[in-house]
Structure formats: C-alpha cells, structure tokens
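Written out below as structure tokens is the structure these notes cover.
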Amino acid sequence: MPSKARPRVTIACATSLDGKIATAQRDPIDWTSRRDRARLHALRDGADAILIGAATLRAEDPPLLPTPERARAREKAGRRPLPVRAVVSRTLDLPLARALEPREGAPVHVFTVMDCPRAARERLTTRGIRVHVHEDEVDLARALAFLKEHEGVRSVLCEGGGVLNAALLQAGLVDELELTVVPVVIGGDLSPTLVDGIGFSRERLLRAKLVSHEATPEGEVFLRYRFRSR
C-alpha cells in the first residue's frame with residue numbers, strides 16, 4: 001500500500017548479538033541500558049499510535065502510555081497527549097493490565113480474525129476496547145488505513161514481536177527500523193528473532209539503507225535503517 005494511504009510505520013526493537021529478541025521461554029529480561037529505554041520513550045512520544053503483537057503483550061505488558069510530563073510535552077509538540085494503542089491478536093487472549101489500561105483520550109483497537117472466541121471479544125468490548133474482525137488473516141494494510149482515517153494517525157511505532165514484524169515487512173508496510181544491538185548472547189533455536197515466520201526467498205531479500213549509527217558507552221549500538229519503497 002502506498003505510504004500516503006497509511007501512516008508512516010517504524011519498527012523499534014532491541015536484539016542480542018545473535019539476533020534474538022527474547023529467550024525461548026519468553027522470560028522478561030532487563031537487558032537494555034537506561035540510555036536505550038530513554039530512546040524508546042522518545043520514539044513512543046514521537047508516534048501517534050503504538051502497535052504491538054499479542055505474544056509481546058502477554059510476555060511483557062509494556063507501559064505504552066507516557067507519564068503526565070511526557071503527555072504534556074507531546075501536546076506541546078502538536079500531538080495528541082496520549083497515543084492510540086493497537087494490538088494484533090488471533091485469539092484475543094490478552095491481559096487486561098497495564099498496557100491496555102482504560103484511559104480517556106487513549107483508545108485501544110484490537111485487530112483479529114473471524115474465528116476468534118466470542119467470549120473473549122465480549123470481554124474486551126465491555127472494557128471499551130474496539131475489536132475489528134477481519135477474515136482469515138488480519139489485513140495489516142487495512143488496519144493501518146483505518147487508524148489513519150478514523151483516528152488521524154500519521155505515524156505508528158511497532159514494538160513487535162517477530163511475527164508481527166515479519167508480517168509488516170512481507171507486506172511492504174515498514175518505512176524505518178530503529179534497532180538496538182545489545183552486547184549479550186541469548187542463543188537457542190526456539191528463541192524469537194527480530195523477524196520470524198518463513199522469511200524471504202533469495203530473490204526477494206528485503207534491503208534497507210543505514211541512516212545513522214551510534215555506539216554507546218554501555219556497549220550497545222543504535223542503528224536506524226530506512227527501507228526502500230516497494
């Protein structure tokens with residue numbers, strides 16, 4: 001889908017030296033520096049919406065909303081004080097905790113499929129969460145276009161995980177990647193990676209241009225890549 005028909009999409013992710021984003025057990029790990037966490041908050045504060053996959057939500061329940069101070073700074077910069085939150089989930093097995101906490105001015109949209117459990121859908125809608133039902137697969141281009149048309153979203157920060165990242169990249173819906181390489185090794189065949197799924201064939205390798213890089217005193221490397229329009 002042409003970028004004019006959808007918001008600008010940036011993937012933000014931290015990986016180990018071997019390209020993993022979590023352990024095989026998906027255990028929460030405190031592995032990035034304070035500098036990287038501040039960078040992530042800045043990326044969140046610069047986005048109109050935050051998009052996340054169900055597995056990442058279940059494993060981390062990240063704090064997707066800014067502090068009151070950061071909300072005021074967003075508003076001063078011409079953005080809505082609180083971002084729109086969007087989740088992709090087939091089963092709607094989502095924790096109704098910190099990440100999806102009801103907040104006025106911070107709508108939550110969940111994109112799912114037709115065979116999702118009715119009870120789980122009702123559980124979300126009674127909490128004020130809007131559930132959008134697609135057919136056999138969530139149409140990410142359609143979901144992004146909806147956010148732009150109905151919520152005025154111009155920029156989306158995707159915080160993974162690997163399955164959602166892969167789907168967005170396969171569909172040609174990603175504009176930039178903000179990557180932090182952390183000096184640890186996780187290993188394991190079953191540990192999730194930055195981009196999971198079946199991957200790209202040799203003929204369709206997805207290429208990106210390095211825009212900026214920074215090595216930090218903590219040994220992390222911040223990388224920004226831009227993808228060629230497809």
Side-chain angles (χ1 to χ4, degrees), residues 1-15 19 21 40 42-57 60 62 64 79-80 83-92 94 99 107-114 116 130-180 192-212 223-230:
M1 173 180 285
S3 58
K4 290 183 179 180
R6 61 168 175 82
R8 184 171 185 81
V9 176
T10 298
I11 289 176
C13 193
T15 72
I21 61 174
L40 177 59
L43 290 171
R44 286 175 176 169
D45 292 345
D48 296 323
I50 298 174
L51 175 65
I52 192 170
T56 300
L57 184 63
E60 301 177 16
L64 300 181
R79 299 184 182 89
R80 59 197 304 162
V84 174
R85 292 165 288 174
V87 183
V88 176
S89 173
R90 293 187 64 91
T91 64
L92 301 184
L94 303 174
V108 180
H109 296 271
V110 175
F111 299 91
T112 188
V113 293
M114 289 184 66
C116 67
R130 184 163 179 185
V131 179
H132 307 266
V133 180
H134 293 195
E135 295 185 0
D136 296 330
E137 298 289 340
V138 173
D139 185 335
L140 293 170
R142 176 180 157 198
L144 291 169
F146 173 90
L147 293 175
K148 182 173 184 179
E149 180 180 357
H150 295 277
E151 292 286 3
V153 170
R154 298 163 298 175
S155 58
V156 173
L157 183 70
C158 175
E159 297 191 25
V163 173
L164 178 56
N165 292 343
L168 287 166
L169 289 164
Q170 288 280 0
L173 297 173
V174 180
D175 299 290
E176 287 192 343
L177 168 65
E178 294 277 0
L179 176 65
T180 299
T193 68
L194 172 64
V195 182
D196 284 333
I198 62 173
F200 292 91
S201 66
R202 181 177 62 181
E203 296 77 17
R204 296 193 67 249
L205 294 180
L206 189 59
R207 301 191 180 277
K209 177 182 179 181
L210 179 64
V211 178
S212 65
L223 301 166
R224 176 180 297 166
Y225 287 95
R226 185 167 297 142
F227 290 95
R228 301 171 183 174
S229 53
R230 301 176 65 185

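The closest side-chain heavy-atom distance from Leu194 to Leu177 is below 4.5 Å. Using a 4.5 Å cut-off on side-chain heavy atoms (C-beta onward), Val113 and Asp136 make no contact. Within the 4.5 Å cutoff, the side chain of Glu60 has no heavy atoms near those of the Glu159 side chain. Under the 4.5 Å side-chain criterion, counting only non-hydrogen atoms from C-beta, Leu57 is in contact with Pro62. Residues Leu206 and Val195 form no side-chain contact, since every pair of their non-hydrogen atoms from C-beta on lies 4.5 Å or further apart. Contact check for Asp48 versus Pro7: no side-chain heavy atoms found under the 4.5 Å cut-off. Looking at heavy atoms from C-beta onward, Arg6 lies in side-chain contact with Asp175 at the 4.5 angstrom threshold.
Between Arg85 atom CZ and Leu64 atom CG the span is 7.0 Å, to the nearest 0.5 Å. Taken from CG in Leu210 to CZ in Arg226, the straight-line distance is 10.5 Å, to the nearest 0.5 Å. Going from atom CD1 of Ile11 over to atom CZ of Phe227 covers 6.5 Å, rounded to the nearest 0.5 Å. Taken to the nearest 0.5 Å, the CZ atom of Arg204 stands 6.0 Å off from the CD atom of Gln170. Within the model, atoms SG of Cys158 and CD of Glu176 stand 14.0 Å from one another, a figure rounded to the nearest 0.5 Å.
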Audit row: Arg44, Leu40, side-chain contact (heavy atoms from CB on, under 4.5 Å) steps and yes/no:
CA-CA 6 Å; Arg44 286 175 176 169; Leu40 177 59; 3.7 Å; yes

Take His109 and His150 through the test side-chain contact (heavy atoms from CB on, under 4.5 Å) and record every step on the way to the result.
CA-CA 11 Å; His109 296 271; His150 295 277; over 6 Å; no

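Ring geometry for Phe111 against His132 counts as parallel: the plane angle stays under 30°, on a 0 to 90° scale with 60° as the upper cut.
For Arg142 (side chain) and His134 (main-chain N/O), no donor-acceptor pair under 3.5 Å exists by modelled atom type. Listed for the Ser89 side chain is no donor-acceptor partner under 3.5 Å among the backbone atoms of Thr112.
Of all the heavy atoms in Ile21 and Thr193, the pair that sits closest is CD1-O, 3.4 Å. Across Val88 and Leu164, no two heavy atoms sit closer than the pair CG2-CD1, 4.0 Å. Nearest heavy-atom pair, Arg90 versus Cys116, reported as atom, atom and distance to 0.1 Å: O-CB, 3.5 Å. Contact detail for Ala47 and Pro83: the closest heavy-atom pair is O-CB, 4.2 Å.
Checked options Val156, Asn165, Thr10, Leu169; the residue passing with Val174 is Leu169 (criterion: side chain to side chain contact (heavy atoms under 4.5 Å, CB included)).
Within a 6.0 Å sphere centred on CD1 of Ile198, heavy atoms belonging to other residues, nucleotides or ligands number 12 at most.
Asp139 meets the salt bridge (Lys or Arg N to Asp or Glu O under 4.0 Å) test with no other residue; sequence neighbours excluded. Residues satisfying the salt bridge (Lys or Arg N to Asp or Glu O under 4.0 Å) test with Arg79, not counting sequence neighbours, are none.
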